[in-house]
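Accompanying notes for the structure given below.
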There are 2 protein chains.
Amino acid sequence: MPTPILSREEVLMRIVETFRQHGYEGSSLALLSQATGLGRSSLYHYFPKGKEDMANAALEWVLVCFDGLVLSPLRQTSQSPLERLQACANGLAEFYADGARSCLIDIFSIGCAARLFQTRLGECTKTMIRIFSEIAQEGGVSVEEARRRGEDVVIGIQGVLVVSRTIGSNAPFLRFLKEFPEQLLRAE
Amino acid sequence: MPTPILSREEVLMRIVETFRQHGYEGSSLALLSQATGLGRSSLYHYFPKGKEDMANAALEWVLVCFDGLVLSPLRQTSQSPLERLQACANGLAEFYADGARSCLIDIFSIGCAARLFQTRLGECTKTMIRIFSEIAQEGGVSVEEARRRGEDVVIGIQGVLVVSRTIGSNAPFLRFLKEFPEQLLRAE
DNA sequence: GTCTATAGCTAGATAGAC
DNA sequence: GTCTATCTAGCTATAGAC
C-alpha cells in the first residue's frame with residue numbers, strides 16, 4: 001500500500017488521541033502503530049527512545065495546541081476579560097471536542113507515566129491556575145480570591161471531563177463552558 | 001514464610017489501592033500479588049476470572065466503603081443538611097486520604113477498563129449527583145438549581161482530586177472540603 | 001524511511017502436586 | 001489454599017536488508 005504522507009503534526013495528533021483514550025500503559029506500540037499508520041520501525045525512527053519519547057512528544061505537542069486554542073485568546077488585551085474568557089471557552093470546546101476527549105494531564109498522572117511526567121504535569125496545572133487567576137484580577141477580583149477562582153476553574157475543567165466521560169454525555173461540559181467565565185469574574 | 005492471614009476485606013483494600021495507583025492496565029498480576037501478599041494461584045482461587053474479577057470486586061468494594069463513609073452521613077435525618085454535609089466532608093477526607101488517593105471511577109473510565117465498567121461508572125456518577133441534589137433540595141434550593149449544584153459537587157470532587165494529584169499537594173482538596181457544604185446550600 | 005524478523009521479556013492464565 | 005511449573009500471547013525494543 002502507498003504510504004500516506006503524514007506530517008509530524010498529524011502523527012503527533014494521532015499519538016495524542018491514542019494516549020488520551022487508552023492511557024500510557026494501555027497504549028501499546030501496536031495501537032500506536034495502527035493509529036498513525038506507521039510501522040513499528042518508522043515509529044522508532046521518529047521517536048528513538050520508543051514509547052516514552054512518543055509520550056513526551058505527545059505531551060509537549062498537546063500543550064502547544066492547548067496554548068494556541070485556550071490560552072492565547074486570554075492574551076488578547078484588546079478585548080475585555082469576559083470576551084477573552086468566552087473565546088477561551090470556545091477554544092476549550094474545540095480542544096476537548098465538546099468534552100469527548102480526556103485531558104492528557106489527568107491521563108499521564110496515573111501509573112508509571114506519573115513518575116515520568118509528574119514535574120511537568122505539576123507545572124502545567126500551576127500555570128493554568130495562574131493564568132486564570134490573572135484574568136480574574138484584571139476583571140477586578142482581589143488577589144486572594146482570584147487565586148482561589150483560578151484554581152476552581154482548573155478543578156472544574158478536570159472534573160467536568162471526568163463526569164462527562166463517565167456518564168457518557170457532554171451536557172455537563174457544555175454547561176460548564178457556558179458558566180465559568182461569569183463565575184470567574186463575578187462580584188465579590 | 002508463614003502466610004499472613006488477610007481477610008477478604010483487607011485483600012480487597014490492597015487490590016483497590018493498587019488499581020488506584022497504577023490504573024487497570026498498569027496493575028499487573030505481579031503487582032497485585034505483591035500488594036496482597038497472595039501468590040498468583042491464590043489470587044485465582046479468590047478471583048477465578050482473574051484480573052477482571054479483581055477489578056470488579058475492587059469497584060464494588062470501594063463503592064461499599066464510599067457509601068459507608070461519604071453517603072451514609074447524608075442520610076442522618078436527625079441532623080441539619082449542613083451538619084450532614086460536614087460529616088460527609090469528613091468522610092471524603094478519610095476516603096480519599098486527604099486527596100492523596102485517586103478515585104476508581106476516574107481510573108476505570110480510561111482504557112480497556114472503560115468498556116468493562118462504563119455502565120456501572122455512569123450509574124455511580126449519576127447516583128452521586130442525585131444524592132447531593134437531594135440534600136440541596138432539603139436545604140431549600142429549588143429543584144433545577146439543586147440538580148446543577150449536585151453536579152457541581154461531583155465535578156468538584158473529581159476535579160480537585162486530579163489537581164491535587166498533579167501538583168502534589170492536598171491544599172486544593174482540603175479547601176474544597178471546607179467550602180462545598182455551604183456552596184451547595186447557599187441562598188439563591 | 002520502511003520493511004521483515006526476531007530477540008528478550010512480561011503479561012494473563014492454567015495444570016497438577018501437595 | 002498455596003505451591004511450582006508452564007503455556008500462549010502480547011509487549012517493547014533492536015538488527016539488518018532494501
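All heavy atoms count here, side chains included; hydrogens, waters and symmetry mates do not. Order of the sequence lines fixes the chain letters, A, B, ..., with proteins taken first and strands second; residue numbering starts at 1 for each chain.
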Query raised in the report: Under 4.0 angstrom, heavy atoms only, what part of the nucleic acid is B:S27 near: base, sugar-phosphate, or nothing?
Result: sugar-phosphate
Query raised in the report: Taking CG from B:D53 and P from C:dT14, how many angstroms apart are they, rounded to a whole number?
Result: 11 Å
Report task. Would you kindly give the CD-to-P distance between B:Q34 and C:dG12, to the nearest whole Å? Result -> 13 Å
Report task. Using a strict cut-off of less than 4.0 Å between a Lys/Arg side-chain nitrogen and an Asp/Glu carboxylate oxygen, indicate whether A:R147 and A:D152 qualify as a salt bridge. Result -> no
**Report entry** Rounded interatomic separation in angstrom, taking CZ from B:R40 and C1' from C:dT14
**Finding:** 12 Å
Query raised in the report: Counting side-chain heavy atoms from CB outward, which of D:dT12, C:dT14, C:dT2 is closest to B:S41?
Result: C:dT14
Query raised in the report: Closest nucleotide of DNA chain D for B:G39 versus for A:L32: which of these residues is on the 5' side?
Result: B:G39
Query raised in the report: Rounding to a whole Å, what distance do you find between A:F47:CZ and C:dG1:P?
Result: 13 Å
Query raised in the report: For A:L29 and D:dT14, what is the distance between atoms CG and P respectively, to the nearest whole Å?
Result: 11 Å
**Report entry** Test: A:R165 cationic atom under 6.0 Å from B:F108 six-membered ring centre, within 45° of axis
**Finding:** no
Query raised in the report: Can you tell me how far P of D:dT2 sits from CG of B:L43, to the nearest Å?
Result: 9 Å
Query - Test: B:E17 and B:R14 ion pair at under 4.0 Å - result: no
Query raised in the report: Are any of A:Y46's side-chain N or O atoms less than 4.0 Å away from OP1 or OP2 of C:dT2?
Result: yes
Report task. Identify which nucleotide among C:dT2, D:dC11, D:dT2 has an atom closest to any side-chain atom of B:H45, counting heavy atoms from C-beta outward. Result -> D:dT2
Query - N/O (side chain, A:S42) to phosphate O (OP1/OP2, C:dG1) under 4.0 Å - result: no
**Report entry** Distance in angstrom units between B:E25 CD and C:dT10 P, rounded
**Finding:** 19 Å
Query raised in the report: Can you say whether the rings of B:F132 and B:F180 are parallel (under 30°), tilted (30 to 60°) or perpendicular (over 60°)?
Result: perpendicular
Query - Straight-line distance of A:M13 CE to A:C65 SG, nearest 0.5 Å - result: 7.0 Å
Query raised in the report: In whole angstrom, what separates B:K51's NZ from C:dG12's C1'?
Result: 8 Å
